[in-house]
Amino acid sequence: LVMTPRIELVCGEAVLLDEIADQRMTRDDVAMTYAMALRSSERVDWARVNHAILDRWSMNALRYIKTKAWKLFEGGDGG
């Protein structure tokens, strides 16, 4: 029996919204947290998060963050 540790992001939606509002955070920072939130068992209001990304950046940034997050979620390096 092999035990694989699981890391759970708590309050993923709140963390994402805080990061999006923080001008020091980059799209790459948000993509990493987005990927962690995808893995979380907690409910996330993705429409709210995505609208916050659009309000701060742009549609291209939203596409970039989501694409990188899904690559990270699927086990890649996001690049």
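Scope of the values below: all heavy atoms of this structure, side chains included, with no hydrogens, waters or symmetry mates.
- Under 3.5 Å, the side chains of D29 and Y34 contain no donor-acceptor pair of N or O atoms.
- R27 contributes atom CZ, which lies 9.0 Å from atom NZ of K68 (distance to the nearest 0.5 angstrom).
- Annotation: side chain of N50 is in contact with side chain of K66 (closest heavy-atom distance under 4.5 Å).
- Here the shortest heavy-atom pairing between Q23 and R56 reads O-NH2, 3.4 Å.
- The cluster map of Ile, Leu, Val, Met, Phe, Trp and Tyr, joined by side-chain heavy atoms under 4.5 Å apart, puts V10 and M36 in different clusters.
- Closest approach of E13 and R43 over heavy atoms only: OE1-O, 4.3 Å.
- A69 approaches A35 most closely through the heavy-atom pair O-CB, 3.4 Å.
- Atom NE2 of H51 and atom CD1 of I20 lie 12.0 Å apart (nearest 0.5 Å).
- Once rounded to the nearest 0.5 Å, the distance linking SG of C11 with CG of D18 reads 10.0 Å.
- With a 4.5 Å cut-off on side-chain heavy atoms, L9 and E42 do not count as touching.
- The number of heavy-atom neighbours closer than 6.0 Å to CE of M32, taken from other residues, nucleotides and ligands shown, is 12 or below.
- Put simply, CD1 on I65 and OG1 on T33 are 10.0 Å apart, with the number rounded to the nearest 0.5 Å.
- With rounding to the nearest 0.5 Å, the separation of CG in L62 from CD1 in I53 is 5.5 Å.
- A31 and L72 get closest at one heavy-atom pair: O-CD1, 4.1 Å.
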